[in-house]
There are 2 protein chains.
Amino acid sequence: MILASVPKGKPLNSKALAEFHGVPKEYLSKCLQMLSQAGLVTTTTGPHGGYSLAKTPDKISFLDVVEAIEGKSSTFKCNEIRRNNPCLAKSDRKFSKLCDIAAVMHEADEAWRNSLREKKLSDITDSLLDGVSKETVGNFINWVDDH
Amino acid sequence: MILASVPKGKPLNSKALAEFHGVPKEYLSKCLQMLSQAGLVTTTTGPHGGYSLAKTPDKISFLDVVEAIEGKSSTFKCNEIRRNNPCLAKSDRKFSKLCDIAAVMHEADEAWRNSLREKKLSDITDSLLDGVSKETVGNFINWVDDH
DNA sequence: GCTATTACGGACAATTGTTGTCCGTAATTA
DNA sequence: TAATTACGGACAACAATTGTCCGTAATAGC
């Protein structure tokens, strides 16, 4: 969201972003690298290098961000414990289709993803400033200039 | 789902259910205790005691089960890192409303829960038997008798 | 070309959360 | 009274996440 609020062509480096959020630089750096690999941000090395959004905020969904960091596989992992069922006849050990419980969980996972897919970064850029004083906004503009 | 497939008034104990699923008895026992505290299953102590569903399967949703085990709080926990923002003027430190990012994540969490809420155990009781041989069904009936 | 700055990525340590185990207590049935 | 069962606290083992360190490659400015 910070990258979405910065003038285009003004990259921010991991040190600056880490200090802004009060998190370890190296840790945030890992996250930014994942965003980079997912094609959400572009990076430039060297002095005055850093990170910028690769697309306009209306083209980046929250699902894009979540999947870049946490992966695209379902939050529910079926462990196939049905295979342990001692009553199973030999002929019933195929298990071609997904088990019904996993299907229910995956359907819920999809509902979650669909909700995140519909929300774009641009949907909250404006409201981030709601109720924020002129002073803070001014501080932020200066902060961006200084980094 | 096993408890939903058993004749009413026939409790199954944790040892039997654990062997059926190939998981440690003590661990499954913890889960069953949580289901009990949530009012989803009833327990009876003593010989021939064990667990039974507290309601009919059409009255138990997958959300009931998930929340009994994993709790009712959102899967997303906001860490309020916005408070670390060095640009914040003193007057902007109230943060009465939830941050916009957390709101998006909570909305997705709700979509996930809504999906799980609509699915009842009874929705899959029948299809659990689809494509299962007579032999397996017979084995299961005998297994229940033996426990 | 040299130096400072930056991202990148591998390896690893610290921390936390989940999973699994043990054991004593209370309740119930025969 | 003895056997069986759930309950719940404490704790150990394991896995995942979070955080740290360091060497390499790329870039900008001098």
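Throughout, a chain's letter reflects where its sequence line sits, starting with A, and its residues are numbered from 1.
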Residue-phosphate contact under 4.0 Å: Ser36(A) side-chain N/O, dC8(C) OP1/OP2: yes
Spacing between Leu28(B) atom CG and dT21(C) atom P, to the nearest angstrom: 12 Å
dA6(D) phosphate, OP1 or OP2, under 4.0 Å from Ser14(B) side-chain N/O: yes
Qualifying side chain to side chain donor-acceptor pair (under 3.5 Å) pairs with a residue from residues 40-60 of chain B, counting only residues at least two apart or across chains: Thr56(B)-Asp58(B)
Heavy-atom donor-acceptor pair, Asn85(B) side chain to Cys87(B) backbone, under 3.5 Å: yes
Length of the CG-C1' vector between Asn13(B) and dC7(D), whole Å: 14 Å
Rounded distance (Å) that lies between atom P of dA15(D) and atom NZ of Lys77(A): 12 Å
Rounded distance (Å) that lies between atom C1' of dT18(C) and atom CZ of Phe76(A): 16 Å
Separation of dA10(D) C1' from Gln33(B) CD (nearest whole Å): 14 Å
Spacing of Gln37(A) atom CD relative to dA7(C) atom C1', expressed in whole Å: 12 Å
Nearest-neighbour nucleotide for the Lys30(B) side chain, dC8(C), dT21(C), dC7(D) considered: dT21(C)
Gap between atoms NZ and P, on Lys15(A) and dC8(C) respectively (whole Å): 18 Å
Salt bridge (Lys or Arg N to Asp or Glu O under 4.0 Å) evaluation trace for Lys30(B) with Glu26(B): CA-CA 7 Å; Lys30(B) 300 280 190 222; Glu26(B) 293 84 0; over 6 Å; no
Shortest side-chain distance from Pro24(B), nucleotide among dC7(D), dG8(D), dG20(C): dG20(C)
hbond_proxy Lys25(A) side chain to dG19(D) base (donor-acceptor, 3.5 Å cutoff): no
Flag for Asn139(B)-Thr136(B): side-chain donor and acceptor within less than 3.5 Å: no
Sequence neighbours excluded, every pair satisfying salt bridge (Lys or Arg N to Asp or Glu O under 4.0 Å) that has a member inside residues 99-116 of chain A: Glu67(A)-Arg113(A), Lys97(A)-Asp100(A), Glu107(A)-Lys119(B), Asp109(A)-Arg113(A), Glu110(A)-Arg117(A)
OP1 or OP2 of dC7(D) under 4.0 Å from side-chain N/O of Tyr51(B): yes
Options dC22(C), dG20(C), dG9(C), nucleotide nearest the side-chain atoms of Glu26(B): dC22(C)
DNA chain C contacts made by residues 39-50 of chain B, counting heavy atoms under 4.0 Å: Thr45(B), Gly46(B), Pro47(B)
Spacing between Tyr27(B) atom OH and dG20(C) atom C1', to the nearest angstrom: 8 Å
Under 3.5 Å donor-acceptor, Asp146(A) side chain and Trp143(A) backbone: no
Main-chain N/O of Gly50(A) paired to Asn13(A) side chain as donor or acceptor, under 3.5 Å: no
